[in-house]
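The structure appears right after this line, and notes come after that.
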Amino acid sequence: MADRLFETNHIVGFIVRQALQQSQQSLQGLYDGNPKRKSDRPSAEQLLRAFCHITLYFIPDSTIFITPLNQLQKQILSAMKMPLSLYLLEPLLCKT
C-alpha cells in the first residue's frame, strides 16, 4: 500500500513538472516561508500540501459548502489536466 502511494506521488509530480516545462511556467506559493518563491520542479509533497486547507462543510440545514480553490490550486489542477469541476458541488449532491 505504501509503495503505491509513493508511486502515485511520483506520477503526480512528474505530470506537473512536465506540464510546467512544456508551458515554460512555474508555480508560486508552494513554500511556506517564502510564498513569492517560484518553482518549475515542485515535489509531489509540495503539490499535495497545496490542497490541505480545502474544507467540505455540511451545515445542519442541509447546505453543503466547499472552500473555493485558490490560484495555486487551480494552476496545479490545470497542469494535471484535471477539470476544476472536481471541486464544484453538483446541485444533486446538495439534496439530502
Side-chain angles (χ1 to χ4, degrees):
M1 179 75 167
D3 289 340
R4 284 193 178 154
L5 182 59
F6 184 73
E7 290 172 8
T8 301
N9 283 347
H10 282 288
I11 292 169
V12 168
F14 174 79
I15 290 170
V16 172
R17 286 190 298 272
Q18 186 177 39
L20 291 173
Q21 182 181 21
Q22 290 173 351
S23 65
Q24 296 181 348
Q25 293 182 342
S26 58
L27 296 174
Q28 181 177 327
L30 292 170
Y31 297 93
D32 289 335
N34 191 353
K36 292 186 179 184
R37 180 177 172 185
K38 294 181 179 182
S39 176
D40 59 353
R41 297 197 45 81
S43 70
E45 291 81 12
Q46 288 173 309
L47 297 170
L48 295 173
R49 196 176 309 118
F51 288 89
C52 73
H53 296 293
I54 293 177
T55 305
L56 180 63
Y57 297 94
F58 293 92
I59 311 298
D61 69 357
S62 298
T63 302
I64 301 173
F65 174 75
I66 189 168
T67 52
L69 295 173
N70 63 35
Q71 189 59 36
L72 175 60
Q73 293 161 338
K74 290 177 184 178
Q75 284 180 286
I76 293 169
L77 289 175
S78 176
M80 293 178 62
K81 303 206 181 337
M82 299 186 83
L84 298 179
S85 62
L86 289 173
Y87 287 89
L88 297 177
L89 296 174
E90 296 293 324
L92 296 176
L93 273 179
C94 294
K95 294 181 182 177
T96 57

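By convention here, the first residue in the shown sequence is residue 1. Bear in mind that the values here come from a model prediction, so they are computed numbers and not experimental data.
Every residue was checked against the side chain to side chain donor-acceptor pair (under 3.5 Å) condition with Asp32, not counting sequence neighbours, and none meets it. Here Asn70 pairs with Leu72, Gln73 under the side-chain contact (heavy atoms from CB on, under 4.5 Å) rule; sequence neighbours left out. The side-chain contact (heavy atoms from CB on, under 4.5 Å) test applied to Arg37 returns Tyr31, Asn34, not counting sequence neighbours.
Atom-to-atom distance recorded for Ile76:CD1 and Leu48:CG is 8.5 Å, nearest 0.5 angstrom. The distance from the CZ atom of Phe14 to the CZ atom of Arg41 is 9.5 Å, given to the nearest 0.5 Å. To the nearest 0.5 angstrom, Leu30 atom CG is 8.5 Å from Arg49 atom CZ. Annotation: the span from Leu77 atom CG to Leu84 atom CG amounts to 6.0 Å, rounded to 0.5 Å. Rounding to the nearest 0.5 angstrom, the gap separating the CZ atom in Arg17 from the CD atom in Gln21 is 10.5 Å.
Under the 4.5 Å side-chain heavy-atom criterion for Ile, Leu, Val, Met, Phe, Trp and Tyr, Ile64 and Leu86 are members of the same hydrophobic cluster. Ile59 and Leu56 fall into different hydrophobic clusters, where Ile, Leu, Val, Met, Phe, Trp and Tyr are joined by side-chain heavy atoms under 4.5 Å apart, directly or via other members. No single ILVMFWY cluster, assembled from side-chain heavy atoms under 4.5 Å apart, contains both Phe65 and Leu88.
Of all heavy-atom pairs between Ile66 and Tyr87, the closest is CG2-O, 3.5 Å. Contact between Gln25 and Asp40 at its shortest, heavy atoms only, is O-CB, 3.7 Å. Among all heavy-atom pairs drawn from Gly13 and Ala44, the shortest one is N-CB, 4.1 Å. Contact record, Gln75 with Ser26: NE2-O, 4.0 Å, taken as the closest heavy-atom pair. Among all heavy-atom pairs drawn from Ser39 and Leu20, the shortest one is O-CD1, 4.1 Å.
Of the possible polar contacts, none joining the Thr55 side chain to the Thr67 backbone as a donor-acceptor pair under 3.5 Å is found.
Other residues, nucleotides and ligands place no more than 12 heavy atoms under 6.0 Å from the CD atom of Gln24.
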side-chain contact (heavy atoms from CB on, under 4.5 Å) between Leu47 and Leu27, intermediate numbers included | CA-CA 10 Å; Leu47 297 170; Leu27 296 174; 3.8 Å; yes
